[in-house]
Asker: 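Let me give you the structure first, and then I'll get to my questions.
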2 protein chains.
Amino acid sequence: MPIRLRDIAQDLNLSTMTISKVLRGQTDVSAETKARVMKRVRELNYRPNIAARGLRTGQTSSIGIVVPRLGGAFIPVLVEALTEVFRRDGYSLIVGCADGDAENEERESELHLSRQVEALLFCVREDAADIPQPLKNSSVPVVLIGHRPARINLLSVGLREEEVGSLAATHLLACRSRRIAYMRGRRTAVADQRVTGFREALRDRNIPLREEWLVELDSEESEFAAAYIGVRKMMQSAPRPDGIVCSSDLAAAGCCSALQKAGFTVPEQVQIIGAGNSPEICEPFGLTSIDLSAAELGRRAARMTLRLIREADDASLRSMTLSPSLVVRTSTRAPS
Amino acid sequence: MPIRLRDIAQDLNLSTMTISKVLRGQTDVSAETKARVMKRVRELNYRPNIAARGLRTGQTSSIGIVVPRLGGAFIPVLVEALTEVFRRDGYSLIVGCADGDAENEERESELHLSRQVEALLFCVREDAADIPQPLKNSSVPVVLIGHRPARINLLSVGLREEEVGSLAATHLLACRSRRIAYMRGRRTAVADQRVTGFREALRDRNIPLREEWLVELDSEESEFAAAYIGVRKMMQSAPRPDGIVCSSDLAAAGCCSALQKAGFTVPEQVQIIGAGNSPEICEPFGLTSIDLSAAELGRRAARMTLRLIREADDASLRSMTLSPSLVVRTSTRAPS
DNA sequence: TTGAAAGCGCTAACAT
DNA sequence: ATGTTAGCGCTTTCAA
């Protein structure tokens, strides 16, 4: 049984109010009483019951987030950034993991709402076409992170996905590749946007894209293996590509491996560029990669959330998208 | 403002009790009333206030965990396994991330206790010599995950770290390496245990370990770079090692890269074995690795926790350690 | 089958 | 400077 305010009050022959005041740093308590209370509080390891406090004050000082999974390079960085900003303001972030399942996403969202979180963040799966029902008529502010599905009208913080494609293409062009291939991810809205950005960047410079250079990763295989296989086929086309943009770092690693095995040199004969900027994959291969700005996304989302909580429905708040950024390593040449 | 039981009750001219009963599936309510209530509940998107319920019943159906960080290959798998087992029993897991900081570990532990979690899990940092104060006299069950610091007398679920070293050594021996080196991690209790296991495995077979083959990774560098540098020096010794056990997959990747660059073949001339079994690192390099059983650790810890919650202080529960397991890929040869 | 009363631990507002 | 009262939203208990 945890200690209650009342236990301390009875102990010291004081009222619960006095204890409560001391604990919250109210000033209308004598220094002596304060000292006695604090002493006993520490001795007994008293810890206030947040639920009871929240019930009374209507403030739980907690914010919920639902993420599809916990692994990978993106989510952990995002969540740590959110946690840090929230912590500074006395909020704590409650993470609910849905294990990639839409039903769990709904359950976790409801749980958060039942816990009276003051705001709810939702990290949208790349392949999601919709969001859980509970978010749609939530009584607390909701912020989406990642892409915003069509026709969903909630505040969101996302990435300019087309720029992932265009940034990669532009960099390869600057590094004197002219025959640029794209190894695209599975059919999701996000993957499509990246391809679009890629195509537009090439078109803007009047660089042709041959359709046999636009390869989709076989979804039966792991991304690495799929890219490994895919790139071999790609290299049999004539002319051969001299630069490859990949939809993920793992796919880029697959390309590097296969190319080296086949006797091509990276970056001299073929330049490679990945996406995700996962240090564990990029460092071993010296992969140039597109960073998806997880930390910055988290900070922006956190600040937006805090403003929403404070200022109810501030009309000045608008959804925003951030730009990805290029991180150059050795799988691309020095730009001219 | 969220909807309350009372709102629904007034709406339907019933008492809050009736609504409450319907929601909890009590049977002493007429079918008709039940239907009316459920209809309105859905229309209004009513969600019970978990805090208020918990205050009354003393059950929050939530369990807290504090982890040092969210990234890497171990924690996400652990947390997902815990989540899944708890979910089946109607508990939800609240994850608190300490960003690798001991002070935050204490804060997050206190927060969980303040939230009246029914049990508290704590994932011990590898370099931790102690655990947060709040865990030591917690009024709810505490389970440690990972290694248990000396003189801490709490239930724990951990890995037999020495077996990580011995399993690796034994496998290399079975694959006909005789000059086996060890690339050890930074000075932590866990790293020491692994080295111990490694040494003992060699000693048991009367295989000598030369001290220049026991290299510690330079902690100024990333693990990959440190291993890359370390292995080059190691290969200048005479005789040269023909097998290397690494304290992490990333270090193993560094070894592979450096060796290939220097013209050595893996696994023909030198066999490499990593630890962690992180798919993203192991697959590209075909790394044989020691799996740290994160998922199984999670399941065991979850079951232990549930029993602790139910059976108060069940004397039959004891700390346990699980064995790591070997995952063979292509950086080691076929055993003879 | 339905409902009234009391109280979980805490704090806002108001006495004393 | 300290204490009293009332009530947050819910459920246990018991009465109608």
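Each chain gets a letter, A, B and so on, in the order its sequence line appears, and its residues count up from 1. Just so we're clear, the structure is a prediction, and the values are computed from it rather than from any experiment.
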Asker: Between A:Glu105 and A:Glu108, is a side-chain contact (heavy atoms from CB on, under 4.5 Å) present by the stated rule, with each step listed?
Answerer: CA-CA 5 Å; A:Glu105 286 181 341; A:Glu108 296 291 339; over 6 Å; no

Asker: Please round to the nearest 0.5 Å and tell me the distance separating atom CZ of A:Arg115 and atom CD of A:Glu110.
Answerer: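 It comes to 12.5 Å.
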
Asker: Rounded to the Å, how far apart are A:Arg53 CZ and C:dC10 P?
Answerer: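 From A:Arg53 CZ to C:dC10 P: 8 Å.
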
Asker: In whole angstrom, what separates B:Arg47's CZ from D:dG9's P?
Answerer: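 Answer to the nearest Å: 16 Å.
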
Asker: Is there a side-chain contact between A:Asp130 and A:Lys136, using heavy atoms and a 4.5 Å cut-off?
Answerer: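 With C-beta onward as the side chain, the pair touches.
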
Asker: If we only count heavy atoms from C-beta on, is the B:Val66 to B:Leu135 side-chain gap below 4.5 Å?
Answerer: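 B:Val66 vs B:Leu135: side chains apart.
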
Asker: Do B:Arg69 and B:Ile75 have side chains that get closer than 4.5 Å, going by heavy atoms?
Answerer: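 Counting from C-beta outward, B:Arg69 and B:Ile75 never come under 4.5 Å.
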
Asker: When you check the gap from the basic side-chain N to the acidic O, do B:Arg299 and B:Glu296 get nearer than 4.0 Å?
Answerer: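 Yes, B:Arg299 and B:Glu296 are salt-bridged.
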
Asker: With a 4.0 Å limit, can you tell me whether A:Thr18 has a side-chain N or O closer than that to the phosphate oxygens OP1/OP2 of D:dG3?
Answerer: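 For D:dG3, OP1 or OP2 has a side-chain N or O of A:Thr18 closer than 4.0 Å.
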
Asker: Checking salt bridge (Lys or Arg N to Asp or Glu O under 4.0 Å) for the pair B:Glu84/B:Arg87: CA distance, chi angles, key distance, verdict?
Answerer: CA-CA 5 Å; B:Glu84 201 192 315; B:Arg87 217 196 314 261; over 6 Å; no

Asker: Here's a test of your reading of the structure: between A:Pro2 and B:Met17, which maps to the more 5' nucleotide of DNA chain C?
Answerer: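 It is B:Met17, whose closest nucleotide lies nearer the 5' terminus.
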
Asker: Separation of B:Gln59 atom CD from D:dT12 atom P, in whole Å?
Answerer: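 Atom-to-atom, B:Gln59 to D:dT12, this comes out as 9 Å.
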
Asker: Could you state the CG-P distance from A:Asn49 to C:dC8, rounded to the nearest angstrom?
Answerer: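 Going from A:Asn49 (CG) to C:dC8 (P), I get 12 Å.
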
Asker: Does a nitrogen or oxygen in the side chain of B:Ser20 sit under 4.0 Å from OP1 or OP2 of D:dT11?
Answerer: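 Affirmative; the distance criterion is met.
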
Asker: Are B:Ile65 and B:Phe86 close enough that some pair of their side-chain heavy atoms sits under 4.5 Å apart?
Answerer: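 B:Ile65 vs B:Phe86: side chains apart.
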
Asker: Whole angstroms only, please: what is the CZ-C1' distance between A:Arg6 and D:dG3?
Answerer: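 Distance check: A:Arg6 CZ to D:dG3 C1' gives 15 Å.
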
Asker: Rounded to the Å, how far apart are A:Ile19 CD1 and D:dT2 C1'?
Answerer: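 A:Ile19 atom CD1 is separated from D:dT2 atom C1' by 11 Å.
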
Asker: Measuring from the side chain of B:Thr57 (C-beta onward, heavy atoms only), which nucleotide among D:dC10, C:dA12, D:dT11 has the closest atom?
Answerer: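 So the nucleotide nearest the side chain must be D:dT11.
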
Asker: Does anything in residues 24-46 of chain A reach DNA chain C, meaning a heavy atom under 4.0 Å, and if so which residues?
Answerer: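 Under 4.0 Å from DNA chain C: A:Arg24, A:Tyr46.
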
Asker: Taking DNA chain D as the partner, which of residues 7-14 of chain B come within under 4.0 angstrom of it by heavy atom?
Answerer: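 None - not one residue of the stretch has a heavy atom sitting under 4.0 Å from the strand.
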
Asker: Classify the side chain of A:Lys21 versus the base of D:dT2 as yes if they form a donor-acceptor pair under 3.5 Å and no if they do not.
Answerer: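 Side chain to base: pair present.
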
Asker: Whole angstroms only, please: what is the CD1-C1' distance between B:Ile50 and D:dT11?
Answerer: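 After rounding, the gap between these two atoms is 15 Å.
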
Asker: Expressed in angstrom and rounded to an integer, what is the separation of B:Arg56 atom CZ from C:dC8 atom C1'?
Answerer: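 B:Arg56 atom CZ is separated from C:dC8 atom C1' by 6 Å.
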
Asker: Any heavy-atom pair between the side chains of A:Thr60 and A:Glu118 that's under 4.5 Å?
Answerer: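 Side chain of A:Glu118 against side chain of A:Thr60, heavy atoms only: contact under 4.5 Å found.
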
